[in-house]
Amino acid sequence: MAFFTTLTSRTFSHSAMMSNSIKNVTVIGSGLMGAGIAQVAAQTGHSVIMVDIDDALVSKAQKRIQDSIQRVAKKKFGENEEASKFISESLSHLTTSTDAVTSVGSADLVVEAIVENLDIKKKLFMQLDKAAPSHTIFASNTSSLSIAKIADATDRKDRFGGLHFFNPVPVMKLLEVVRIAETSQDTYDAMCGWGKAMGKVTVECKDTPGFIVNRLLVPYMFEAVRILERGDASARDIDTAMKLGAGYPMGPFELMDYVGLDTGKFIVDGWHKEFPDESIFNPSPLLNKLVEEGKLGVKTGEGFYKYKK
Ligand SMILES: C[C@H](O)CC(=O)SCCNC(=O)CCNC(=O)[C@H](O)C(C)(C)COP(=O)(O)OP(=O)(O)OC[C@H]1O[C@@H](n2cnc3c(N)ncnc32)[C@H](O)[C@@H]1OP(=O)(O)O
Ligand SMILES: NC(=O)c1ccc[n+]([C@@H]2O[C@H](COP(=O)([O-])OP(=O)(O)OC[C@H]3O[C@@H](n4cnc5c(N)ncnc54)[C@H](O)[C@@H]3O)[C@@H](O)[C@H]2O)c1
């Protein structure tokens with residue numbers, strides 16, 4: 001099914017599901033998170049442009065969205081014809097582009113989901129700030145960086161915040177909504193309203209490292225690596241222990257592979273640099289070695305475990 005189109009002009013078509021002021025959404029980055037955010041935004045009737053740096057990456061994201069949306073449709077409608085109507089309608093709301101600057105021209109909201117690097121994110125937002133209309137809200141999906149530092153690249157701090165989704169976006173119900181000192185109440189309310197229109201439950205977070213979930217989850221994952229590095233237990237046994245003993249859907253190594261080991265490394269390296277005396281944020285030699293070898297987890301076919309491609 002070839003439902004996707006490349007960007008020409010943004011068509012207006014949104015369903016009654018949307019009760020907030022945000023209709024046109026541009027998602028920058030079409031990796032694990034960007035593709036998921038774009039998919040759910042399209043499923044909930046928003047007009048979406050999904051952007052990445054080249055056509056091959058966009059095509060890869062389109063393939064992932066097609067697989068995922070079929071799972072969502074099956075869960076919602078079973079095998080009946082409503083399912084294919086839902087898929088084609090949703091995907092008709094989604095266009096793609098490889099040009100971030102032109103893709104924000106009619107955006108009400110821009111959600112950035114590119115690599116976890118402060119300088120690269122700032123450079124992007126600096127360019128977008130000049131191109132987007134004045135009413136456009138900017139949000140970063142960063143896992144660990146300071147929203148205030150990213151917002152520093154723009155002249156719209158009152159219209160800037162964090163929208164932190166969870167992987168896989170079509171399944172995970174939570175959205176952390178992060179406000180900085182300058183975020184206006186209107187912006188915060190619009191972000192929360194959009195989160196609800198996306199079918200998510202929102203929680204309010206301050207702009208502190210890791211917000212709520214990652215401040216707890218990342219140290220937990222890195223403690224698991226340290227158990228493995230000390231030779232105290234195998235990755236498989238640690239995963240089994242946390243699934244069967246603590247009720248987690250995935251063990252810490254399965255989860256790190258799922259999130260991406262590069263992303264895990266970016267997070268902990270950043271925090272280690274910022275808080276060198278906090279041993280809980282110490283980098284892991286084992287994780288560094290896997291990343292150096294290009295073993296980034298499920299997305300590359302190998303991380304702590306091997307996956308069928
Ligand atoms: C680091 C960052 O900043 C923050 C983060 O994102 S941290 C990571 C947060 N995420 C997690 O903790 C995920 C933990 N894992 C899980 O919740 C579950 O293992 C999982 C939902 C990923 C998969 O669930 P599991 O039961 O193992 O597998 P599976 O049967 O394939 O999937 C369960 C359901 O979800 C659906 N699903 C799973 N992945 C999907 C996807 N990518 N798209 C759409 N649907 C999906 C399946 O279709 C299935 O639907 P069903 O209930 O109708 O059968
Ligand atoms: N992986 C997770 O579980 C997870 C969960 C929540 C938040 N996050 C955060 O979301 C962001 C993206 O993470 P991901 O896992 O999707 O990464 P990813 O590596 O899967 O995807 C990032 C994408 O951004 C693209 N990109 C890089 N620079 C770009 C630019 N200037 N313009 C357009 N596209 C660009 C890359 O080509 C890549 O396709 C990071 O900030 C990460 O910390 C990740």
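Counting starts at 1 for both ligands and their atoms, in listed order. Since the structure is predicted, the reported quantities are computational estimates derived from the model, not experimental observations. Positions are given from 1, in the same order as the sequence printed here.
Residue contacts with ligand 2: Lys123 is excluded, as none of its non-hydrogen atoms falls under 4.0 Å. The shell of residues lying under 4.0 angstrom from ligand 2, judged by heavy atoms, includes His164. Within the structure, ligand 2 has Ala113 among the residues with a heavy atom less than 4.0 angstrom away. In this structure, Phe165 has a heavy atom closer than 4.0 Å to ligand 2. Not a single heavy atom of Tyr248 sits closer than 4.0 Å to an atom of ligand 1.
Lys63 has a carboxylate O that lies under 4.0 Å from a charged side-chain N of Asp67, or vice versa, which qualifies the two as a salt bridge. A salt bridge links Lys299 to Asp262: at least one charged side-chain nitrogen sits closer than 4.0 Å to a carboxylate oxygen. Checked for salt-bridge contact, Glu223 and Arg226 meet the test: a charged N lies under 4.0 Å from a carboxylate O. A salt bridge links Arg156 to Asp129: at least one charged side-chain nitrogen sits closer than 4.0 Å to a carboxylate oxygen.
With hydrogens left out, the protein atom closest to atom 20 (O) of ligand 2 is Leu32 N, 3.0 Å, a heavy atom. Residue, atom and distance of the protein heavy atom nearest to atom 37 (O) of ligand 2 are Asp52 OD1, 2.7 Å. In this structure, atom 10 (O) of ligand 2 lies nearest to the protein heavy atom Asn141 ND2, 3.0 Å. Nearest non-hydrogen protein atom to atom 13 (O) of ligand 2 is Met33 CG, 4.0 Å. The protein atom (non-hydrogen) at minimum distance from atom 50 (O) of ligand 1 is Lys75 NZ, 3.8 Å.
The backbone N or O of Ile114 sits less than 3.5 Å from a side-chain atom of Lys121, completing a donor-acceptor pair. A donor-acceptor pair is defined here as one N or O able to donate and one able to accept, closer than 3.5 Å; such a pair exists between the side chain of His46 and the backbone of Ala41.
Counting protein heavy atoms under 4.0 angstrom from atom 17 (O) of ligand 1 gives one or more. Of the protein's heavy atoms, none falls inside 4.0 Å of atom 27 (O) of ligand 1.
Counting only non-hydrogen atoms, the option in Ile267, Val72, Leu255, Asn214 that gets closest to atom 12 (O) of ligand 1 is Leu255. Heavy-atom proximity to atom 39 (N) of ligand 1, evaluated over Gln39, Arg71, Gln70, is greatest for Arg71. Around atom 7 (S) of ligand 1, the closest heavy atom drawn from Thr263, Leu217, Asn167 belongs to Leu217. Across the listed options Asp67, Val259, Leu174, Val259 owns the non-hydrogen atom lying nearest to atom 1 (C) of ligand 1.
When heavy-atom distances to ligand 1 are checked against a 4.0 Å cut-off, Met172 comes that close only through its side chain, counted from C-beta outward.
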